[in-house]
Amino acid sequence: FMVAQSAVTEIDSGSKDNLFPFSYFRLFRKFYTLHIQNGISMMKALISIIVLLTFSFGVQAEKYILEKLQQVAEISGIREMNVSPFSEYYEFWYEQPLDHENPSAGTFKQRVLLGHKKEKAPVIVELEGYGIWTEEEGELANLLKGNQLTVEHRFFDKSVPAGEIPWQYLTIKQAAADHHAIIQTLKAKLYPQSKWVTTGISKGGQTTIFHRYFYPEDADLSVPYVAPLNLKEVDPRIERFLNKAGANKKEWGNLFFGNGDAQKDCFYSVRDFQLLCFKRFNDLLPLFEGYVAEQGYAYTKVGGVKRALELSILEFQFAFWQWGHECGNIPEEEDELDMVFEYLVKVSSPSFFNDADIEKMYPFFYAAATEIGMYEYNVHPFRKYLEEKENITFDFAFPEGVERIPFNEEQMEAVNDWLQTDAEKMLFIYGGKDPWSATAVDLKKNNKCSKYIRGDMGHQCRISHFEEITKMDIIETLKDWMK
């Protein structure tokens, strides 16, 4: 056994890339020593060698991933984690320039997670639109049996520079350059033979589109989930969607809700509930004040607690459709006040307008106002209850003291044109009840990409939510693209 162990040690001392043929020759020479010189049976000697060699390869593979990461100058703070079903999992920080066109402007460290399964397995790159919200295996890594690389978006959560955020560098182009740098580095160092798949959800889906637009060769294919492509700061298609959502019209019902019966007059149920809340506003306000005090919320940015309740009622319509709530659950006029209040805050969370939450989301609201777009609140049906007579935008959430630059419509139009002409091997997933599907990617005649819509789903729509035959078609399309 000791002689067999020395044979494996001799192999371990060499490079992983030089195992064949000379290390194997040394191994079998040791095997001969075991069998002939030490009088050990051939079977026992062979079993000893196989067991120790298998153990050795396992240790080597483990060292290989970590050692390769440690060889990258931009990577620091590597921390090993235990996340199933990955055989190895690491958190690390990747140093990025604030301005990829001017590296002397300074740097920041971007948080990255790497879950490893197999060296030649596909690499699923989860491009977050915000901070990293989970360390778990995503849908695509599971479906495609892939490794998983998760990248936090620049200037969100922990991926921020020291001091104040330099807002001029928060652009879709700079973020795409971040992702390009990480992908190219790990492609060269760890996974040169793997297929690369980029994906993201919601704003992460937008991030996936933008990265592929600037660096189409970085990925073999892409799967953006529920990703809007807003062509204006306030894209009017969203309000048009909300003005029809749930309406009992044959063509609308058939498209989104089967025969439309289950959602009969749902548009009016949603609108009537908002009107009910405004009619009972003075009764709801004490309940709201008690709730937000208990939660520790503050509303200086929106203009006080009363204003926060008004905005929560206005937000109700968008939130209701976004998250796929059911019309049958909406309280009616004869229901108790507590039931009305509880349903309001369940669907339209008061935390959305809380000072601390807005500050945390400053990078999103900056991006929305300058490049990726947002919606606004239609006040017309509620004008008798509000001081404002014009639609309400999210100007209250724009970072304080930061210069407001015009929305970059040309950039979004350029991305839109590319999607309709040159983009390829991109598969888009949408929920038909989601207001963000109003500004879903429109591929026109570009048959090099695919789009799937599950009509009765909201923003939570994933591949797993489709009926079996469609799900199989989606998976087969992805596998065909990876060949």
Quick one: which residue pairs count as a side chain to side chain donor-acceptor pair (under 3.5 Å) with a foot in residues 422-432, not counting sequence neighbours?
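For residues 422-432, and leaving out neighbouring residues, there are no side chain to side chain donor-acceptor pair (under 3.5 Å) pairs at all.
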For residues Tyr291 and Phe288, establish whether the separation of their ring centroids is below 6.0 Å.
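Judged by ring-centre distance (under 6.0 Å), Tyr291 and Phe288 do not meet the cut-off.
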With salt bridge (Lys or Arg N to Asp or Glu O under 4.0 Å) as the rule and sequence neighbours excluded, what pairs involving [range] come up?
| range | result |
| --- | --- |
| residues 205-227 | none |
| residues 398-410 | Lys232-Glu409, Glu233-Arg404, Lys301-Glu400, Asp395-Arg404 |
| residues 172-194 | Glu101-Lys173, Arg154-Asp178 |

Distance alone, cut at 3.5 Å: any donor-acceptor contact between the side chains of [X] and [Y]?
| X | Y | answer |
| --- | --- | --- |
| Ser464 | Glu139 | yes |
| Asn391 | Glu376 | yes |
| Glu315 | Tyr377 | yes |
| Lys444 | Asn446 | no |
| Ser222 | Thr198 | yes |
| Asn102 | Asp99 | no |
| Glu152 | Ser159 | yes |
| Thr300 | Asp355 | yes |

Which pair of heavy atoms, one from Ile78 and one from Phe92, lies closest together, and at what distance?
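Taking every non-hydrogen atom into account, CG1-CB, 3.9 Å.
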Apply side-chain hydrogen bond (donor to acceptor under 3.5 Å, both in side chains) to [X] and list each qualifying residue two or more places apart in sequence or on a separate chain.
| X | value |
| --- | --- |
| Lys346 | none |
| Thr421 | none |
| Gln411 | none |

Measure up the Phe278 and Phe382 rings against each other and bin them: parallel (under 30°), tilted (30 to 60°), perpendicular (over 60°).
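Aromatic pair Phe278/Phe382 classed tilted.
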Going by the angle between their ring planes, with limits at 30° and 60°, are Phe318 and Tyr375 parallel, tilted or perpendicular?
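Judged by the thresholds at 30° and 60°, the geometry between Phe318 and Tyr375 is parallel.
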Do [X] and [Y] come close enough that some side-chain heavy atom pair is under 4.5 Å?
| X | Y | result |
| --- | --- | --- |
| Ile372 | Phe364 | yes |
| Phe398 | Phe365 | no |
| Ile392 | Leu311 | yes |
| Leu140 | Val197 | yes |
| His116 | Tyr191 | yes |
| Cys277 | Val340 | yes |
| Val226 | Ser437 | no |

Applying side-chain contact (heavy atoms from CB on, under 4.5 Å), can you list everything that pairs with Asn142, at least two apart in sequence or on another chain?
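Checked Asn142 against side-chain contact (heavy atoms from CB on, under 4.5 Å); matches are Glu137.
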Return the set of residues passing side-chain contact (heavy atoms from CB on, under 4.5 Å) with Thr470 (not counting sequence neighbours), or none when no residue passes.
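Thr470: side-chain contact (heavy atoms from CB on, under 4.5 Å) contacts with Tyr452, Phe466, Glu467, Ile474.
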Determine whether a donor-acceptor pair (N or O, by modelled atom type, separation under 3.5 Å) exists between the side chain of Asn354 and the backbone of Ala298.
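It does hold such a pair.
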Determine which pairs satisfy ring-ring contact (aromatic ring centres under 6.0 Å, His included) with at least one residue from residues 150-174, sequence neighbours left out, and list them in order.
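For residues 150-174: Phe108-Phe155, Tyr130-Phe156, His153-Phe156, Trp167-Tyr366.
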Show the atom names and distances, to 0.1 Å, of all donor-acceptor pairs under 3.5 Å that link a side chain in residues 476-483 to residues at least two apart or in another chain.
from: Thr477; atom 1: OG1; to: Asp473; atom 2: O; distance (Å): 2.8
from: Asp480; atom 1: OD1; to: Lys483; atom 2: NZ; distance (Å): 3.3

As an exercise, state the distance from OG of Ser348 to CD1 of Ile313, rounded to the nearest 0.5 Å.
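CD1 of Ile313 is found 8.5 Å from OG of Ser348.
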I would like to know whether Leu443 and Phe428 meet side-chain contact (heavy atoms from CB on, under 4.5 Å); could you show each step before the answer?
CA-CA 10 Å; Leu443 295 171; Phe428 300 88; 3.9 Å; yes
Report, as yes or no, whether the 6.0 Å neighbourhood of atom NZ on Lys448 holds more than 12 heavy atoms from other residues, nucleotides or ligands.
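Counting neighbours around NZ of Lys448, more than 12 heavy atoms of other residues, nucleotides or ligands fall under 6.0 Å, so yes.
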Under the salt bridge (charged side-chain N to carboxylate O under 4.0 Å, His left out) rule, collect the residues that match up with Asp235, sequence neighbours excluded.
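In terms of salt bridge (charged side-chain N to carboxylate O under 4.0 Å, His left out), with neighbours along the sequence ignored, Asp235 is linked to Arg237.
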